[in-house]
Amino acid sequence: SCGGFSLLRTISWLVSRWQMFSDVEMSRDVAICAKHLIGHTFHQEILTRLLQVLTHEKACRKHGFYLGITSVKSIGKNKNKIININNNNEDNHQAQILTFPVSFTCRTFLPARGDVLQGVVKMVLSNGVFISSGPLRYAYLSPLKMPDYHYVQSESDDEKPYFQKDDLSKIAVGVVVQFVVLAVRFKERPHKIRNDYYVLATLEGDTLGPISLAGSDEPYM
């Protein structure tokens with residue numbers, strides 16, 4: 001029946017999305033200034049600093065985006081280090097830096113070719129559309145990968161351009177679009193600060209394109 005087919009399709013989509021997420025064991029050296037531990041809970045301070053490290057790094061080639069720490073496995077012995085801090089070229093101060101090797105489990109999200117994703121359209125240009133999906137900020141959808149859609153230029157400053165099909169369905173800013181990952185590129189930045197993934201998207205396939213709002217059976221128009 002049509003209902004049975006829809007259910008199987010939904011289950012298949014959920015399975016494909018679940019496979020994008022993993023819990024992986026990782027380790028990092030977490031450095032904390034000794035004076036920051038005064039009056040603070042040791043484990044909470046370590047966790048806070050570890051979250052800051054992962055937020056700055058954002059992603060890695062092997063595991064994808066870091067979504068959150070699910071557990072801390074172990075915290076090793078600290079390695080004391082004294083560093084000089086120059087304050088406005090006047091006074092030199094010494095600070096004790098404690099470095100702890102931390103083993104932990106992290107929830108990650110790794111986009112791959114063939115994955116089915118949903119995202120919100122952030123920008124529409126004549127040469128393509130940019131979609132954001134969770135931690136993935138840049139999924140590029142080329143007009144060549146939007147079968148039967150044509151570009152509609154805005155006629156006023158208040159109206160934004162969009163892509164539209166003959167059935168009047170739109171791909172516009174703010175619209176939720178279901179798409180397939182066509183290609184993935186990882187970009188590692190200097191010092192691993194805000195690494196990122198870039199995706200090429202396609203709407204070539206069934207059940208792809210603008211989808212209805214949560215709680216609504218009506219498609220975006």
Side-chain angles (χ1 to χ4, degrees), residues 14-120 122-123 130-140 181 183-201:
L14 287 172
V15 170
S16 68
R17 279 190 65 85
W18 181 253
Q19 291 174 342
M20 304 174 205
F21 299 92
S22 300
D23 286 327
V24 298
E25 188 165 332
M26 307 174 67
S27 62
R28 290 291 186 278
D29 285 338
V30 177
I32 300 177
C33 185
K35 67 178 183 179
H36 291 166
L37 294 177
I38 300 175
H40 294 82
T41 303
F42 171 74
H43 285 83
Q44 185 59 46
E45 193 66 24
I46 289 290
L47 183 58
T48 298
R49 179 55 184 156
L50 179 59
L51 285 170
Q52 291 173 348
V53 170
L54 295 182
T55 298
H56 288 154
E57 191 174 334
K58 187 179 179 181
C60 69
R61 186 185 303 274
K62 183 177 180 180
H63 302 299
F65 293 104
Y66 309 135
L67 301 182
I69 298 171
T70 54
S71 67
V72 175
K73 297 291 187 179
S74 65
I75 301 175
K77 294 183 179 180
N78 78 79
K79 302 174 182 178
N80 292 330
K81 183 179 180 181
I82 304 297
I83 64 171
N84 290 320
I85 300 177
N86 188 287
N87 185 16
N88 296 325
N89 296 322
E90 296 177 359
D91 299 323
N92 289 328
H93 299 279
Q94 286 188 332
Q96 185 180 24
I97 301 299
L98 308 179
T99 301
F100 300 90
V102 181
S103 176
F104 59 98
T105 303
C106 184
R107 176 65 53 84
T108 61
F109 166 65
L110 179 62
R113 179 181 175 87
D115 287 343
V116 179
L117 298 178
Q118 292 177 2
V120 179
K122 294 298 184 180
M123 185 182 299
F130 290 91
I131 304 170
S132 174
S133 178
L136 179 65
R137 294 186 299 160
Y138 302 112
Y140 171 67
V181 175
V184 179
R185 181 170 69 90
F186 175 72
K187 184 173 183 180
E188 185 172 19
R189 300 183 185 277
H191 310 296
K192 295 184 179 180
I193 297 178
R194 305 300 290 174
N195 295 332
D196 219 335
Y197 277 89
Y198 300 88
V199 159
L200 293 180

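When reading the values below, keep in mind they use all heavy atoms of this one structure, side chains included, and skip hydrogens, waters and symmetry mates.
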Set of residues satisfying salt bridge (Lys or Arg N to Asp or Glu O under 4.0 Å) with respect to R194, sequence neighbours excluded
none
So which of R185, R189, R137, K187 actually passes side chain to side chain donor-acceptor pair (under 3.5 Å) with D196?
R137
Going by the angle between their ring planes, with limits at 30° and 60°, are F109 and F65 parallel, tilted or perpendicular?
parallel
Could you tell me whether a side-chain N or O of T105 sits under 3.5 Å from a main-chain N or O of D23, the two making a donor and an acceptor?
no
Side-chain touch N195/E57, heavy atoms, less than 4.5 angstrom:
yes
Would the distance check show the side chain of S133 and the main-chain N or O of Q118 forming a donor-acceptor pair, the cut-off being under 3.5 Å?
yes
Got L54 and F104 here, is their nearest side-chain heavy-atom distance under 4.5 Å?
yes
Taking the side chain as C-beta and beyond, is there a heavy-atom pair between C60 and Y66 under 4.5 Å?
yes
Sub-3.5 Å donor-acceptor pair from the side chain of Y197 to the main-chain atoms of A139, do we have one?
no
Under the side chain to side chain contact (heavy atoms under 4.5 Å, CB included) rule, what do V72 and H43 come out as? Steps first, then yes or no, please.
CA-CA 10 Å; V72 175; H43 285 83; 6.0 Å; no
Output field: ring centroids Y140/Y198 closer than 6.0 Å
no
Would you give the length of the straight line joining atom CZ of R28 to atom OG1 of T99, rounded to the nearest 0.5 angstrom?
14.5 Å
Between L110 and R61 the two heavy atoms that sit nearest each other are CD1-O, 4.3 Å
Tell me whether R113 at atom CZ has more than 12 heavy atoms from other residues, nucleotides or ligands lying less than 6.0 Å away.
no
For a side-chain contact (heavy atoms from CB on, under 4.5 Å) with V102, tell me which candidate from L50, D29, L47 qualifies.
L50
Taken to the nearest 0.5 Å, the spacing of M26 CE from I69 CD1 works out to 9.5 Å
Could you check whether any side-chain heavy atom of F21 comes within less than 4.5 Å of a side-chain heavy atom of T108, counting everything from C-beta outward?
no
Within this structure, what is the CG-NE2 distance for the pair L51 and H56, rounded to the nearest 0.5 Å?
11.0 Å
I need the M123 CE to S132 OG distance, nearest 0.5 Å.
11.5 Å
Between P135 and L67, is there a side-chain heavy-atom distance shorter than 4.5 Å?
yes
